[in-house]
There are 2 protein chains.
Amino acid sequence: MDRAVSRSFAILEALARSRGPARLSDLSAATDLQKSTVHRILATLSELGYADQDDSGRYRPTLRSWEIGIGVVADLPIYRVAAGFLQTLHRTTGETVSLTVLSGNDVLYLEKLTAARPVRFLTRVGSRVPAPLTAGGKAILSARIDAPQIIEEVAAHRDLDVPALMTELEECRQRGYALSGYSPGVTSIGAAVAVGGAPPDAALSVSAPRERLAGKTRDAIIEALLETRARMTEALDRP
Amino acid sequence: MDRAVSRSFAILEALARSRGPARLSDLSAATDLQKSTVHRILATLSELGYADQDDSGRYRPTLRSWEIGIGVVADLPIYRVAAGFLQTLHRTTGETVSLTVLSGNDVLYLEKLTAARPVRFLTRVGSRVPAPLTAGGKAILSARIDAPQIIEEVAAHRDLDVPALMTELEECRQRGYALSGYSPGVTSIGAAVAVGGAPPDAALSVSAPRERLAGKTRDAIIEALLETRARMTEALDRP
DNA sequence: GCACAAAGTTCCGCTAGACGGAACAAGATT
DNA sequence: AATCTTGTTCCGTCTAGCGGAACTTTGTGC
């Protein structure tokens, strides 16, 4: 395990985590590394174009890591295919739509199109939320055999009503979509997207204030969501 | 200049560049490094969560670098503020709108909202185009004193009609927006966004097929663009 | 404005650990 | 079955990363 490599990523992560420019000594403290070591590695990162130093000597990350990262997601078949479907879903429903993928025990928000009358959201693109707490996550879990162990691991950190969740997942499996109220006052509806015959690792979801998600509107949105999911699955399976 | 660090990023970049999973020997060849070295560093990267190995032994980058990167852009004031303005501009014009930032001699596409009837675009979010070739880039350059040297550096690699470009920039400066036809058949209109009194390093742009950008529509779009730019600048200056 | 504090940078001897050639194992190809 | 090719492991060599301390610069408080 190359020590310098490991340390360089720790520094880069600390740099990205610190909102705004970071001082050398802060990074040194955050990573628990000698100042001279941090200084040397930062010089290397700067030379490579991953960090920058302003006039006052403080360091900030550059957009280099973003360029690499965006290249990675742009290569994901799900991401490429989803773009168009997300838009049509957004247009037909008029609400906030999201694309999430399962990453470990979390759901990772890959893309989000926000409604004209936006909701106060706790999540932004790039953020993680434990899968069993979100509509998209539940939709994914409901079709995976490893759902129980994921739920168990999450339950070890937060308190979850595991039995209730299990019966809820069973319901999701039957009707094809999941519901959630993770952010207070907003309801989400999620549907899992599977590629090939594999267990699903992505989901589409629609979110709106609870009062906007009732009666006919709600039924229409669910229909649009399931329709989009079907079309998208079909597009993914077409080689 | 820590060698192992430099090499690890070279490997990560090669991994991200190679669309789809990459083989060890390919990475070894691409980075001009010994197989054993690449193997060891990949093991480190895997342990750190930046790379993964599938059953067939091939390596692929994870979403880790994207998570870091998206955190970096999410911290950019321009990016945070732009989101809402991009949406309203997209809605009022109905066309494709983009947010770009100046990065070196290039313009980097940070965000893009695509029109319902989309254009065949050569650019995607995360891609780079030499600044003098795009509407957004010209708009930015027209308000910067270092424009001549950027143009000169770009002209060294591609052939540019430098004198024509300089007079065009002068026009941009006077009317407040720039025009471009970088992608064949599509016209873009760009306006620079400056924060504080500093020289601008970002731009908003609207793109559409040439035939949709004529007469009254065109005037309306330009008005909407300049209006949005004004509002956004105001929002950025408000602390 | 001076003195003190804290932050960034440089230096250098030490040695841990990265390096790379070669050998080995496991598939894939002919 | 024979032959590549690819991923993995081993190990002696020695370089390059390490960290404590000294030095310089920037900023802060009286």
Side-chain angles (χ1 to χ4, degrees), chain A residues 1-62 64-65 68 72 75 196 198 239, chain B residues 1-62 64-65 68 72 75 196 198 239:
Chain A
M1 173 98 170
D2 299 36
R3 186 156 59 147
V5 173
S6 162
R7 291 177 168 188
S8 69
F9 279 97
I11 291 173
L12 190 59
E13 286 176 22
L15 199 56
R17 221 176 0 251
S18 86
R19 317 202 155 274
R23 286 189 310 209
L24 177 63
S25 2
D26 297 337
L27 293 173
S28 167
T31 54
D32 202 35
L33 293 172
Q34 207 71 11
K35 271 204 304 175
S36 57
T37 300
V38 177
H39 182 265
R40 180 173 35 80
I41 293 182
L42 277 174
T44 301
L45 289 178
S46 300
E47 199 168 336
L48 295 176
Y50 287 91
D52 244 342
Q53 196 173 16
D54 61 22
D55 318 314
S56 68
R58 287 192 299 245
Y59 293 89
R60 49 173 74 251
T62 68
R64 192 77 182 264
S65 50
I68 292 191
V72 175
D75 267 357
Chain B
M1 173 96 171
D2 300 35
R3 187 156 59 149
V5 173
S6 161
R7 291 177 167 187
S8 69
F9 279 98
I11 292 173
L12 189 59
E13 287 176 22
L15 199 54
R17 222 181 355 255
S18 86
R19 318 202 154 273
R23 287 189 308 212
L24 177 64
S25 1
D26 296 337
L27 293 173
S28 168
T31 55
D32 202 34
L33 292 172
Q34 207 71 10
K35 271 202 307 176
S36 58
T37 300
V38 176
H39 182 264
R40 180 173 35 80
I41 292 181
L42 276 174
T44 301
L45 289 178
S46 300
E47 199 168 334
L48 296 176
Y50 287 91
D52 243 343
Q53 197 173 16
D54 60 22
D55 319 312
S56 69
R58 287 192 299 243
Y59 293 90
R60 47 174 75 251
T62 68
R64 192 77 181 264
S65 50
I68 293 191
V72 174
D75 266 358

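These numbers come from the heavy atoms of this one structure, side chains and all, not from hydrogens, waters or symmetry mates. By convention in this document, chain letters (A, B, ...) are assigned in the order of the sequence lines, proteins followed by strands, and residues within each chain are numbered from 1.
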Mapping Ile41(B) and Arg40(A) to their closest nucleotides on DNA chain C, which lands nearer the 5' end? Arg40(A)
Roughly how far apart are Thr44(A) OG1 and Arg40(A) CZ, rounded to 0.5 Å? 7.0 Å
Spacing of OG belonging to Ser46(A) relative to NE2 belonging to His39(A), to within rounding of 0.5 Å: 9.0 Å
Please confirm whether the shortest side-chain N or O distance from Arg3(A) to OP1 or OP2 of dA18(C) is below 4.0 Å. no
Rounding to 0.5 Å, atoms OH (Tyr59(A)) and CG (Leu24(A)) come to a distance of 5.5 Å
Side chain Ser6(A), main chain Asp2(A), donor-acceptor under 3.5 Å: no
Provide, to the nearest angstrom, the distance between the CG atom belonging to Leu33(A) and the P atom belonging to dC18(D). 8 Å
Pairing of Arg60(A) and Asp52(A) as salt bridge, 4.0 angstrom limit: no
In whole Å, I'd like the distance from the CG atom of Asp2(A) to the C1' atom of dG20(C). 13 Å
Gln34(A) has an atom CD; how far is it from atom P of dC14(C), in whole Å? 18 Å
Heteroatom pairs (N/O) under 3.5 angstrom, protein to nucleotides 7-9 of chain C:
residue: dA7(C); atom: O5'; partner: Ser25(A); partner atom: OG; Å: 3.2
residue: dG8(C); atom: OP1; partner: Leu24(A); partner atom: N; Å: 2.8
residue: dG8(C); atom: OP2; partner: Leu24(A); partner atom: N; Å: 3.4
residue: dG8(C); atom: OP2; partner: Ser25(A); partner atom: N; Å: 2.7
residue: dG8(C); atom: OP2; partner: Ser25(A); partner atom: OG; Å: 2.5
residue: dG8(C); atom: N7; partner: Lys35(A); partner atom: NZ; Å: 2.8
residue: dT9(C); atom: OP1; partner: Gln53(A); partner atom: NE2; Å: 2.7
residue: dT9(C); atom: OP2; partner: His39(A); partner atom: NE2; Å: 3.1
residue: dT9(C); atom: OP2; partner: Gln53(A); partner atom: NE2; Å: 3.4
residue: dT9(C); atom: OP2; partner: Tyr59(A); partner atom: OH; Å: 2.8
residue: dT9(C); atom: O5'; partner: His39(A); partner atom: NE2; Å: 3.2

Is it true that a side-chain atom of Ser65(B) and a backbone atom of Pro61(B) form a donor plus acceptor pair closer than 3.5 Å? no
In terms of heavy-atom contacts, does CG of Asp54(B) have more than 12 from other residues, nucleotides or ligands at under 6.0 Å? yes
Please report the end-to-end axis angle for the helix from dG1(C)-dC30(D) to dT30(C)-dA1(D), five pairs per end, rounded to 10 degrees. 50°
For the side chain of Ser8(B) and the backbone of Ile41(B), is there at least one donor-acceptor N/O pair under 3.5 Å apart? no
Is there a side-chain contact between Arg7(B) and the phosphate of dG20(C), meaning an N or O under 4.0 Å from OP1 or OP2? yes
